[in-house]
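Notes follow once the structure below has been shown.
Note: hydrogens, waters and symmetry copies are ignored here, and every other heavy atom, side chains too, is used. Letters A, B, ... are given to chains in the order of the sequence lines, protein chains preceding strands, and every chain is numbered from 1.
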Amino acid sequence: MGAVRGISFPRAPASRGHPLYRKTRAAKMVEWTDFERETIQNIFAQMDYEEIGPAALSRCLVVYPWTQRYFGNFGNLYNAAAIKSNPLIAVHGKTILHGLDRAVKNMDDIKTAYKELSVLHSEKLHVDPDNFKLLADCLTIVLAAKLGSSFTPDIQAAFQKFMAVVVNSLGRQYH
Amino acid sequence: MTSLTAKDKATVKAFWAQVSGRAEDIGKDALGRMLIVYPQTKTYFAHWKDLGPNSAPVKKHGMTVMGGVADAVTKIDDLTAGLLSLSELHAFTLRIDPQNFKILAHNILVVLAIMFPTEFTPEVHVCMDKFLAALARALAEKYR
């Protein structure tokens with residue numbers, strides 16, 4: 001038993017199947033107001049995926065250039081103009097944006113809905129989860145540019161809350 | 001993080017020239033937005049009764065803050081020296097946690113995107129983001 005200055009810590013169990021690793025807390029669900037639910041449904045119902053997806057991803061690659069590390073075989077990312085006109089990036093931007101549909105349809109349990117996607121990003125794609133927030137911020141700004149003054153502070157708050165939950169869920173299965 | 005290149009500074013100055021006419025509106029909207037989207041920032045304004053976006057002190061303060069940003073653009077070649085007294089103010093009197101500078105910067109960028117969707121290109125965005133980060137660093141200089 002390890003003891004440091006009178007505090008003793010239990011020795012960590014050898015196997016992750018040990019009862020000490022069992023999660024006994026009841027799952028806490030995110031609570032959404034009616035306004036927040038409606039706002040998210042509305043935003044995505046009117047979303048122009050062809051425009052917003054590519055715009056958000058390409059902006060991310062320009063504003064946070066280190067994110068380009070994940071796109072080594074996507075062709076020319078040499079400057080902002082090249083990124084903007086890159087067809088592979090455009091397709092991928094749209095794919096990523098559609099990836100949010102699952103959360104839009106499962107707002108009451110985004111954590112579970114994104115379990116596989118989280119494993120994918122961790123085990124297969126090896127994406128640093130800090131990057132999710134960077135892309136989320138760029139998406140917020142692209143959406144703001146598109147919606148203009150109808151992107152009110154309350155709508156911004158709802159959208160950013162939604163994105164924060166998505167980002168958190170995507171990072172959950174990393175170990 | 002990285003320091004401002006000559007190109008960054010030129011981009012910031014050129015973009016600021018285009019938008020400075022609406023600096024007051026930008027400031028009012030950004031501060032108002034921040035108080036709603038990041039409610040923890042309201043803790044610094046407990047002395048105002050009304051913290052809604054239409055509140056007079058909120059609007060006035062938004063203009064004050066944006067005036068500081070405008071001033072910083074003119075001192076872009078040496079922000080640390082140029083913002084020395086503002087840094088002392090924030091460090092010793094206001095004692096605002098520097099994490100909040102990032103939060104306000106984000107809301108400024110959102111407002112710029114809303115008001116100037118065509119001009120606020122990714123290239124301008126990255127330069128403004130870098131500038132606001134450098135501004136924040138200069139403001140935090142005297143903290144400890």
Taking side chain as everything from C-beta outward and backbone as N, CA, C, O, which of these in B:Phe116 sits under 4.5 Å from a heavy atom of chain A? Side chain, backbone, both or neither.
neither
Can you tell which part of B:Thr118 gets under 4.5 Å to a heavy atom of chain A, answering side chain, backbone, both or neither?
neither
Counting only heavy atoms not in B:Phe92 (residues, nucleotides, ligands), do more than 12 fall under 6.0 Å from its CZ?
yes
Under 4.5 Å between side-chain heavy atoms, counting indirect links through other Ile/Leu/Val/Met/Phe/Trp/Tyr residues: same cluster for B:Met63 and B:Trp48 or not?
no
Take a 6.0 Å sphere around NZ of B:Lys142 and say whether it holds more than 12 heavy atoms from other residues, nucleotides or ligands.
no
Would you mind telling me which of B:Leu35, B:Val37, B:Asp29 has the largest number of heavy-atom pairs within less than 4.5 Å of chain A?
B:Val37
Under 6.0 Å from the CD atom of B:Gln40, do we count more than 12 heavy atoms belonging to anything else shown?
yes
Hphob cluster co-occupancy, A:Val119 + A:Ile96, side-chain heavy atoms under 4.5 angstrom:
no
When rounded to the nearest 0.5 Å, the distance separating CG of B:Asp129 from CG of A:Asp137 is 9.0 Å
Between B:Pro53, B:Pro39, B:Ala113, B:Gly32, the one whose heavy-atom pairs under 4.5 Å with chain A are most numerous:
B:Ala113
If I take atom CD from residue B:Glu123 and atom CD1 from residue A:Ile83, how far apart are they, to the nearest 0.5 angstrom?
9.0 Å
Step through the shown structure and confirm whether more than 12 heavy atoms of other residues, nucleotides or ligands are within 6.0 Å of CD on B:Glu88.
yes
So which residues of residues 143-169 of chain A are in contact with chain B at a heavy-atom cut-off of under 4.5 Å?
A:Ala144, A:Ala145, A:Gly148, A:Ser149, A:Phe151, A:Thr152, A:Pro153, A:Asp154, A:Gln156, A:Ala157, A:Gln160
Same cluster or not: are B:Tyr44 and B:Ile36 linked, directly or through other Ile, Leu, Val, Met, Phe, Trp or Tyr residues, by side-chain heavy atoms under 4.5 angstrom apart?
no
Around atom CD of A:Glu116, are there more than 12 heavy atoms of other residues, nucleotides or ligands at under 6.0 Å?
no
In the single-linkage hydrophobic clustering (I, L, V, M, F, W, Y; side-chain heavy atoms under 4.5 Å), do B:Phe101 and B:Val126 co-cluster?
yes
Can you get from B:Leu84 to B:Leu89 by hopping between Ile, Leu, Val, Met, Phe, Trp and Tyr side chains that sit under 4.5 Å apart?
no
Residues in residues 50-63 of chain A near chain B [non-hydrogen atoms, under 4.5 Å]
A:Arg59, A:Val62, A:Val63
